[in-house]
Novice: 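Below you will find the structure I want to go over with you.
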Amino acid sequence: MSPLNDGKKVKVDVKGNNDSPIGNEIVYDTNDLNLWYGQTHALKDINLSIHEKEVTAIIGPSGCGKSTYIKTLNRMVELVPSVRTTGTITYKGKNILDKSFKVEDLRTHVGMVFQKPNPFPKSIYDNITYGPKIHGIRNKKVLDEIVEKSLRGASIWDEVKDRLNENAYGLSGGQQQRLCIARCLAIEPNVILMDEPTSALDPKSTLRIEELMQELKKEYSIIIVTHNMQQAARISDKTAFFLNGEVVEFNDTNKLFTTPEDKRTEDYISGRFG
Amino acid sequence: MLSSCCDFYTLKGVLHKMATNSDLNKKNAVNVRDMIAEKKKKRNFSNVTEKMIPTILIIIASISILTTVGIIYTLLAESIEFFKIVPIWEFFTGTVLKPLSQNPEFGILPLITGTVISSIIAMLVAGPIGLMSAIYLSEYASDKVRRTIKPLLEILAGIPTIVYGFFAFTFVTPVIRSIFPAVEATNILSPGIVMGVMIIPMIASLSEDAMTAVPNSMREGALALGATKLETTFRVVIPAALSGIISSFVLGISRAIGETMIVTIASGSSKNFTFDITQSMQTMTAYIVEVSGGDAPAGSTIYYSLYAVALTLFVFTLIMNLLARYVSRKFREEY
Amino acid sequence: MKYIDDVQVQKRMSSRVTKNNVLKNLFLAATLFGLVVLAILLIRVISQGAAWIDWNFLTGRLSTNADRAGIMGAILGTSWLMLIVIPVTIFIGVGTAIYLELYAKKGKFQSFVATNISNLAGVPSIVYGLLGLTIFVRAMDFGNAIIAGGLTLSLLVLPIVIVAAQEAIRAVPQHLSEASYGMGATKWQTVKGIILPAAIPGILTGSILALSRAIGETAPLTVLGIPALLIPFPGNIFDTFTALPMQIYYWTLDSSLVQEYAYLAAATIIVLLVLLFLLNSIAIIIRNKFQQRY
Ligand SMILES: Nc1ncnc2c1ncn2[C@@H]1O[C@H](COP(=O)(O)OP(=O)(O)OP(=O)(O)O)[C@@H](O)[C@H]1O
Ligand SMILES: [Mg+2]
């Protein structure tokens, strides 16, 4: 049995709940995390607590370790063979960096959306059902229901409901990215990791995805890496500022952008470097 | 920073409107999380598959290693039997090959001369023509011409060698004989030439690859000094691509040494130790075809001789292939 | 005094340019040489053989009487060979490629297997014939049956399939497998569900090309002792058989005795070339139709 299934199954009654960023339960707790790619020390003594049903933004200059951190949260970083870590990341109280922890379980609970939309070269329908199918759900009726629900959840249902059997590559970039979000929703994760999900999209598609995130955070915890500080300010509840592999500042988004405590944060958000 | 805050607030307004017609808040009949958890409990067997797959794949991948082992083992084991009967020294220095006579003699030199001479003839045809084709394709031809000619050369390369054998025997030999009546009906010249034609596409395409890989900046340097295309080709491109060209030649030789059907059909089975290209000569490959096709009883000396000849052939081609790889690797770092 | 004498340069220049043009034409002629030979070969084969191809020839049995000889046995034999070569090479070839590209740790064993494969590709086909003779015909005691021929040819073209499959797998973009892993898929689920389906066109194209190499091969079959006698049509993989290239071989050899056999050989060559042409067309169609934009 998965170590995660005894976690919360509470379907939070979201109404009226999402305006209070403080006080939600902690999903991810990172303690003294260090990570090396071979000799490169990419993450240094990271300590961060990420709360449920919030949008946590990660900002910082290129190469500061944002992607590395977010990929550590679902252990995708291990696809690089030379990676080595110390410290702990607990997800709902369990240390996911423990080698005995099953990554497949983790990734079932933690979905990921990538920088470049990466639908599978299959039909829209098959894209969505891929996740449920690998987890053993085969009942056609259930799958149909999941497809509709996920596509609605990613607010792309109306655009694609008549072409579910067409190849996903026929969609526009923004639609593809929402399809990828829908694909991720299909297995109902608790957390969604997004690594610069809008950087390959035009402003209109970006806006749609930002709107979508506001919807999603009612049910999911979202961690998003972005280069766009306006975006971070617009959509996130908390923001972490990374620099050279360290967390310089982590605070409520409002506070971080209006009254940064660290000089380096201030320099960065006012565009003085990076 | 200010502008961003404005964005932030306008957006919030939009969002509140959106939220009202959202479907997310509906309690859904399907709870995927629970279903996945449920399935997970039952699916221990897929774990087993997952663990077994790497092992299965290693087993499959080792088939190619087993093939090599099989080749080397059979060749060696049977050759050793052979060398118990025929001393190794006699085999490699003997100029008389009479496997079927009352007092059989097993000297491989007639076969080696046959192999070497046919390969030399083939390379005399394929080397210059292949290289010139490569020069034309990479330095002179327009894109359109190149795109027409290359697939045609690929067809030439894809014709089964038995067809070339037929062509050598029923067409090229008669043509040669009508010009030089002294040439015998089976001779090494005709299959040598046809083998050369067969190898042209290989040399042309590998040499062309090597020449195309030479950066244009090097060509431009020479052309800017007023060199003609020809001078640029010979002074700049060919020297820079030399390793690739040499390795294509070596691979061509290896192909010629291992080629079987053309020489079997068109060169006959004379085992005379001779250097006369108008006569029939047997190559190592043709000997193997002749002897194995003749139902040599397992365990007889002649049967074992098959393997000794094949081992020699194998070593010849292996050396050529290793040499080709060594040459192309050794000089690769040039640019 | 000038270092460069303009008149001299002009003179040499024009001779250099002439030389360039002359040689350019020589290079062109060399390129055309191969194609001209190809044309002669095809014309010759067609002019000799085309008239002999008719329904009786295609469906008839072998006969020493040239007028009645047919190649049905050889067609069936070649088809049977294909039935063995296709699944065997795809299974082993794709398995090996998956191992090398996706499972093997970059290290000694992996590079050993890879080097070994490229060496195997250079081994003369006749040596595979001897391997087949020793292992399949004698040790496993299949005799000169279809299975022995099929397995021998499979080993022969295996390196081609492996390399093609490796390239096809390598061409599947990493971000697709990442998406799959990101949803909690295991490695094998990702391989089976995402990587292989995306690589299939490339794998098929390579396999078909390997197949067309295999069915034109004659040398290994001669070593296995494949006859061209009046044998019954093969009914299963343990039956003795003959194949198109063997038929061509025997008729060519005997053409010095009976002139008509040369025409029969030419006719059989046409059949073989048409088959190869069809296979290659299929490969090209697959490649064009399924070219995936990622
Ligand atoms: N696969 C890898 N192997 C070695 N080093 C890596 C690898 N991936 C990232 N790094 C290094 O780790 C550091 C952090 O990289 P990371 O990709 O996390 O940065 P980032 O903050 O996401 O940058 P960007 O904003 O450009 O995406 C960089 O110095 C980078 O060079
Ligand atoms: Mg990044």
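Throughout, a chain's letter reflects where its sequence line sits, starting with A, and its residues are numbered from 1. The model shown is predicted, which means the values in this text are computed figures rather than measured ones. No hydrogens, no waters, no symmetry mates; every other heavy atom, side chains included, goes into these values.
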Novice: Heavy-atom distances under 4.5 Å only: say whether B/Leu322 touches chain C with side chain, backbone, both or neither.
Specialist: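 Contact with chain C: side chain only.
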Novice: Using non-hydrogen atoms only, which part of C/Arg16 is less than 4.5 Å away from chain B: side chain, backbone, both, or neither?
Specialist: both
Novice: Of the backbone (N, CA, C, O) and the side chain (C-beta and beyond), which part of B/Leu153 lies under 4.5 Å from a heavy atom of chain C, both, or neither?
Specialist: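 Contact with chain C: backbone and side chain both.
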Novice: Within a 6.0 Å radius of atom NZ on C/Lys192, are there more than 12 heavy atoms belonging to other residues, nucleotides or ligands?
Specialist: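 No, because the 6.0 Å sphere around NZ of C/Lys192 holds 12 heavy atoms or fewer from other groups.
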Novice: Answer whether the closest heavy-atom distance between the side chains of C/Asn119 and B/Thr68 falls below 4.5 Å.
Specialist: no
Novice: Is chain C contacted by the side chain of B/Glu259, its backbone, both, or neither, given a heavy-atom distance below 4.5 Å?
Specialist: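 The answer is neither part of B/Glu259.
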Novice: I'd like to know which of C/Leu32, C/Ile135, C/Thr222 tops the heavy-atom pair count under 4.5 Å against chain B.
Specialist: C/Thr222
Novice: What part of C/Thr218 gets within 4.5 angstrom of chain B, counting heavy atoms only: side chain, backbone, both, or neither?
Specialist: both
Novice: Identify whether the distance between the nearest side-chain nitrogen and carboxylate oxygen of B/Lys229 and B/Glu139 falls below 4.0 Å.
Specialist: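 No, B/Lys229 and B/Glu139 are not salt-bridged.
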Novice: With a 4.5 Å cut-off on heavy-atom pairs, point out which of C/Trp251, C/Phe109, C/Phe91 contacts chain B the most.
Specialist: C/Phe91
Novice: Chain B heavy atoms under 4.5 Å from C/Ile92: which part of the residue, side chain, backbone, both or neither?
Specialist: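 Both parts, backbone and side chain.
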Novice: Checking heavy atoms, do the side chain of C/Leu23, its backbone, both or neither come under 4.5 Å from chain B?
Specialist: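 Contact with chain B involves the side chain of C/Leu23 alone.
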Novice: Report which part of C/Val127 has an atom under 4.5 Å of a heavy atom belonging to chain B: side chain, backbone, both, or neither.
Specialist: side chain
Novice: Heavy-atom pairs under 4.5 Å with chain C: which of B/Ile56, B/Asn321, B/Ile65 has the most?
Specialist: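 The candidate making the most pairs under 4.5 Å is B/Ile65.
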Novice: For C/Glu217, is it the side chain, the backbone, both or neither that has a heavy atom under 4.5 Å from a heavy atom of chain B?
Specialist: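 Neither part.
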Novice: Name the member of C/Thr186, C/Ile215, C/Ile117 that forms the most heavy-atom pairs with chain B at distances under 4.5 Å.
Specialist: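 Highest number of heavy-atom pairs under 4.5 Å: C/Thr186.
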Novice: When you measure from the side chain of C/Asn144 to the backbone N and O of C/Gly225, does any donor-acceptor pair fall under 3.5 Å?
Specialist: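 Indeed, once roles are kept as given, a pair shorter than 3.5 Å links the two residues.
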Novice: Name the member of C/Leu155, C/Val113, C/Leu130 that forms the most heavy-atom pairs with chain B at distances under 4.5 Å.
Specialist: C/Leu130
Novice: Please check: side-chain N/O of B/Glu208 versus main-chain N/O of B/Ile135, any donor-acceptor pairing under 3.5 Å?
Specialist: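 Not at all, since once roles are kept as given, no pair shorter than 3.5 Å links the two residues.
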Novice: Please list, chain by chain and in numerical order, all residues satisfying side-chain hydrogen bond (donor to acceptor under 3.5 Å, both in side chains) with B/Thr283, sequence neighbours excluded.
Specialist: B/Thr285
Novice: Does any heavy atom of chain C fall under 4.5 Å from the side chain of B/Phe316, the backbone, both, or neither of them?
Specialist: neither
Novice: Suppose we screen for side-chain contact (heavy atoms from CB on, under 4.5 Å). Which residues come up paired with C/Leu41, at least two apart in sequence or across chains?
Specialist: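 side-chain contact (heavy atoms from CB on, under 4.5 Å) list for C/Leu41, sorted by chain: B/Ile159, B/Val163, B/Tyr164, B/Phe167, C/Val45.
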Novice: Let me know if C/Tyr103 has heavy atoms under 4.5 Å from chain B in its side chain, its backbone, both or neither.
Specialist: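 When you check distances to chain B, only side chain atoms of C/Tyr103 fall under 4.5 Å.
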Novice: Show every donor-acceptor pair shorter than 3.5 Å between a side-chain atom in residues 195-205 of chain B and any protein atom, with sequence neighbours excluded, or say none if there are none.
Specialist:
none

Novice: Can you name the closest pair of heavy atoms from B/Tyr136 and B/Val145 and give their distance?
Specialist: CE2-CG1, 4.3 Å
Novice: Is it the case that the side chain of C/Ser125 and the backbone of C/Val123 share a donor-acceptor pair, with hydrogens and angles ignored and the cut-off at 3.5 Å?
Specialist: no
Novice: Using non-hydrogen atoms only, which part of C/Leu38 is less than 4.5 Å away from chain B: side chain, backbone, both, or neither?
Specialist: both
Novice: Which residues from residues 94-102 of chain C are near chain B, with near meaning under 4.5 Å between non-hydrogen atoms?
Specialist: C/Gly95, C/Thr96, C/Ile98, C/Tyr99
Novice: Let's test your reading of the structure: which of C/Ala29, C/Gly93, C/Ser118, C/Ala121 forms the most heavy-atom pairs below 4.5 Å with chain B?
Specialist: C/Ser118
Novice: Relative to chain B, which of C/Thr268, C/Leu272, C/Thr252, C/Val37 shows the most heavy atom pairs under 4.5 Å?
Specialist: C/Thr252
Novice: Is the shortest heavy-atom distance from the side chain of C/Thr152 to the side chain of C/Leu131 under 4.5 Å?
Specialist: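 C/Thr152 vs C/Leu131: side chains apart.
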Novice: Examine whether an atom of B/Phe169 lies under 4.5 Å from a heavy atom of chain C, and if so say whether it belongs to the side chain, the backbone or both; otherwise answer neither.
Specialist: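 Contact with chain C: side chain only.
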Novice: Would the distance check show the side chain of B/Ser79 and the main-chain N or O of B/Tyr307 forming a donor-acceptor pair, the cut-off being under 3.5 Å?
Specialist: yes
Novice: Using non-hydrogen atoms only, which part of B/Ile63 is less than 4.5 Å away from chain C: side chain, backbone, both, or neither?
Specialist: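 When you check distances to chain C, only side chain atoms of B/Ile63 fall under 4.5 Å.
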Novice: Check whether any side-chain N or O of C/Arg44 sits under 3.5 Å from a backbone N or O of B/Thr170 as a donor-acceptor pair, and report yes or no.
Specialist: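 Judged by distance alone, yes, a pair lies under 3.5 Å.
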Novice: Would you call B/Arg329 and B/Tyr326 a side-chain contact if the rule is heavy atoms closer than 4.5 Å?
Specialist: no
Novice: Within the side chain of B/Ser254, is there an N or O that forms a donor-acceptor pair under 3.5 Å with the backbone of B/Val250?
Specialist: no
Novice: Between B/Thr228 and chain C, with a heavy-atom cut-off of 4.5 Å, which part of the residue counts as in contact: side chain, backbone, both or neither?
Specialist: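 Contact with chain C is through both the backbone and side chain of B/Thr228.
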